[in-house]
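Please read the structure below before turning to the comments.
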Amino acid sequence: MRQWAQVVGYAEDLQAAYDYFKANAGFLAAERFLARYNQAVSVITAHPRGCAVRGHGWRQSPLPHSTYSIFYGERGDYWLLVGIQSTVQDPDRIQALLLIREVGASPV
């Protein structure tokens with residue numbers, strides 16, 4: 001079984017999404033988001049090839065009842081979690097962010 005790693009910035013993405021829900025919809029909404037995130041991570045770690053590779057080269061796992069998605073991919077002998085982003089923003093911005101993280105950040 002392959003190992004999982006995160007790039008620098010991934011944890012900050014999760015915190016920013018949590019903070020967004022907390023500020024805009026309250027603590028319970030933020031906690032529901034976090035529960036959906038944890039469920040999605042459980043699914044992708046059990047079945048990492050369950051999401052198709054997107055045009056930018058990363059797999060995208062949408063979080064239920066949210067505009068956010070987890071972006072991840074297979075890199076050598078491990079799986080890399082690279083971002084948690086809202087998909088209502090410019091797709092080119094998301095692609096650029098993922099590329100910058102892949103090229104400039106080592107897994108932690």
Side-chain angles (χ1 to χ4, degrees):
M1 182 173 199
R2 293 198 162 137
Q3 296 296 316
W4 285 85
Q6 313 176 355
V7 297
V8 173
Y10 182 85
E12 289 81 358
D13 284 355
L14 179 57
Q15 185 66 54
Y18 181 90
D19 292 345
Y20 171 82
F21 280 98
K22 187 175 178 184
N24 291 289
F27 175 76
L28 292 178
E31 289 297 306
R32 284 191 300 272
F33 168 79
L34 190 56
R36 289 189 296 266
Y37 164 80
N38 287 327
Q39 181 182 19
V41 168
S42 294
V43 169
I44 65 173
T45 55
H47 306 286
R49 291 187 176 92
C51 295
V53 176
R54 309 295 281 180
H56 45 58
W58 294 99
R59 295 175 189 269
Q60 179 180 349
S61 177
L63 299 179
H65 310 291
S66 166
T67 63
Y68 284 82
S69 287
I70 299 171
F71 294 89
Y72 68 100
E74 192 172 11
R75 297 298 183 258
D77 59 347
Y78 61 93
W79 288 93
L80 186 63
L81 296 165
V82 73
I84 304 166
Q85 295 292 308
S86 173
T87 57
V88 297
Q89 60 186 314
D90 180 7
D92 291 336
R93 183 195 172 286
I94 295 172
Q95 183 172 352
L97 174 71
L98 299 177
L99 179 62
I100 289 167
R101 287 188 175 173
E102 179 182 22
V103 171
S106 58
V108 293

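Every value quoted in this text rests on a predicted model; they were computed, and no experiment measured them.
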**Q.** Least distance between heavy atoms, Q95 atom then H56 atom
**A.** CG-CB, 3.7 Å
Q) V53, V103: one ILVMFWY side-chain cluster at the under-4.5 Å cut-off? A) no
**Q.** Rounded distance [0.5 Å steps], CZ in F71 versus OG1 in T87
**A.** 6.5 Å
**Q.** Euclidean distance, I84 CD1 relative to E12 CD, rounded to 0.5 Å
**A.** 10.0 Å
Q.
Per the salt bridge (Lys or Arg N to Asp or Glu O under 4.0 Å) rule, what does the pair list look like for residues 17-45, sequence neighbours excluded?
A. none
Q) Out of curiosity, L14 CG to I70 CD1, how far, rounded to the nearest 0.5 Å? A) 8.5 Å
Q.
With a 6.0 Å cut-off on the ring centroids, do F33 and Y20 count as close?
A. no
Q. Quick one: do L97 and W58 end up in the same hydrophobic cluster if we chain Ile, Leu, Val, Met, Phe, Trp and Tyr together by side-chain heavy atoms under 4.5 Å apart?
A. no
Q) Per the ring pair (Phe, Tyr, Trp, His ring centres under 6.0 Å) rule, which among Y18, F21, Y37 passes with Y68? A) F21
Q: Please name the residue in the list R75, Q6, Q3 that meets the side chain to side chain contact (heavy atoms under 4.5 Å, CB included) test with L80.
A: R75
Q: Answer with yes or no whether the side chains of D13 and Q85 bring together a donor and an acceptor at under 3.5 Å.
A: yes
Q: Decide yes or no on side chain to side chain contact (heavy atoms under 4.5 Å, CB included) for L81 and V41, but give the supporting numbers first.
A: CA-CA 10 Å; L81 296 165; V41 168; 5.5 Å; no
**Q.** Same apolar cluster (I L V M F W Y, side chains within < 4.5 Å links), I94/V88
**A.** no
Q: To the nearest 0.5 Å, tell me how far R93 CZ sits from L98 CG.
A: 9.5 Å
Q) Which atoms form the tightest heavy-atom contact between S69 and P62, and what is the distance? A) OG-CA, 3.3 Å
Q.
I'd like to check the salt bridge (Lys or Arg N to Asp or Glu O under 4.0 Å) partners of R54; sequence neighbours left out, ordered by chain and number.
A. none
**Q.** Heavy-atom neighbours of Q89 CD exceed 12 at 6.0 Å
**A.** yes
Q) Between Y72 and P48, is there a donor-acceptor pair closer than 3.5 Å when you use the side chain of the first and the backbone of the second? A) yes
